[in-house]
Structure formats: C-alpha cells, structure tokens
K.L.:
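Here you go, one structure.
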Amino acid sequence: CGIQFPAAMTGTAITFDYSMDNSTFVDVKETDGTEVSYTVSAGDMVRVDPSGWAFASIGFIRVTSGSTEAADRSIKLIFRTA
C-alpha cells in the first residue's frame with residue numbers, strides 16, 4: 001500500500017482527513033493525538049501502513065498538501081484488498 005506523488009508536486013508534507021459520508025471530514029490522528037503526516041518529495045512513492053483505521057475501513061480519504069500547489073495534482077492511492 002502506498003501513495004505515489006507526481007513529478008510536479010511542490011508540497012513537502014501531506015496530512016489526511018477521513019469521512020464516512022464524503023461531507024463531514026475529521027483529521028486522521030495517531031494514538032498520541034498528533035496528525036498523521038508524511039514528508040514527501042516530487043515523484044515519491046510513500047509506504048502507507050494499511051492497519052491504520054482510516055486506511056483499513058470503508059469511507060473517504062482526503063489528502064492535503066502542506067503547501068499551495070501551483071495547479072491540480074493527481075496523487076495515486078494504492079491499496080490492496082483484504
């Protein structure tokens with residue numbers, strides 16, 4: 001499981017929000033209360049732990065760049081079925 005970032009990505013960190021209804025989103029956090037955050041670079045493939053509840057459940061995930069991107073970016077979320 002992972003996230004693939006485009007070569008044109010300018011942000012260097014991402015965070016996640018989760019929703020059951022694709023309307024009301026909440027921050028995805030670690031058990032210590034800190035936001036789940038990944039440091040990324042353009043063209044990276046970042047491993048995701050599929051055991052995290054937001055990544056292993058039914059619902060919607062929103063990926064947010066820590067910086068304003070110059071244009072729309074296509075970020076590929078790669079998951080496997082159970």
K.L.:
So, applying side chain to side chain contact (heavy atoms under 4.5 Å, CB included) with Asp17, which one of Val36, Val26, Asp27, Val63 is it?
P.N.:
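Considering Val36, Val26, Asp27, Val63, a side chain to side chain contact (heavy atoms under 4.5 Å, CB included) with Asp17 is found only for Asp27.
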
K.L.:
Considering non-hydrogen atoms only, spot the tightest contact between Gly59 and Tyr18 and give its length.
P.N.:
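Minimum heavy-atom separation between Gly59 and Tyr18: CA-OH, 3.8 Å.
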
K.L.:
Any salt bridge (Lys or Arg N to Asp or Glu O under 4.0 Å) involving residues 3-13? Give me the pairs, sequence neighbours left out, ordered by first then second residue.
P.N.:
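For residues 3-13: none.
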
K.L.:
Can you sort out the partners of Asn22 under side chain to side chain donor-acceptor pair (under 3.5 Å), two or more places apart, ordered by chain and number?
P.N.:
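Asn22 satisfies side chain to side chain donor-acceptor pair (under 3.5 Å) with no residue once adjacent residues are dropped.
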
K.L.:
Taking all non-hydrogen atoms of both residues, which atom of Arg62 and which atom of Phe25 are closest, and how far apart?
P.N.:
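Taking Arg62 first and Phe25 second, the nearest heavy atoms are NH2-CB, 3.2 Å.
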
K.L.:
Between Thr12 and Ser67, which heavy-atom pair has the shortest distance, and what is it?
P.N.:
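Smallest interatomic distance, heavy atoms only, reads N-OG, 4.4 Å.
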
K.L.:
So do the side chains of Phe16 and Ile3 get within less than 4.5 Å of each other, counting heavy atoms only?
P.N.:
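Side chain of Phe16 against side chain of Ile3, heavy atoms only: contact under 4.5 Å found.
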
K.L.:
Should the heavy atoms of other residues, nucleotides or ligands under 6.0 Å from CG of Asp72 be counted, would the total exceed 12?
P.N.:
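Not more than 12 within 6.0 Å, no.
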
K.L.:
Within the 3.5 Å criterion, strictly below it, is a donor on Thr34 or Asp32 matched to an acceptor on the partner's side chain?
P.N.:
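Yes, because at least one side-chain N or O of Thr34 sits under 3.5 Å from a partner of the opposite role on Asp32.
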
K.L.:
My understanding is that only residues two or more places apart in sequence, or in another chain, count here; which of them pass salt bridge (Lys or Arg N to Asp or Glu O under 4.0 Å) with Glu69?
P.N.:
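Expected list: Arg73.
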
K.L.:
What pair of heavy atoms forms the shortest contact from Pro6 to Ile75, and how long is it?
P.N.:
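Heavy atoms only, the tightest pair is CD-CG1, 4.2 Å.
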
K.L.:
So, do Met9 and Ile14 sit near enough that their side-chain heavy atoms are less than 4.5 Å apart?
P.N.:
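A side-chain contact exists here, since the closest heavy-atom pair is under 4.5 Å.
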
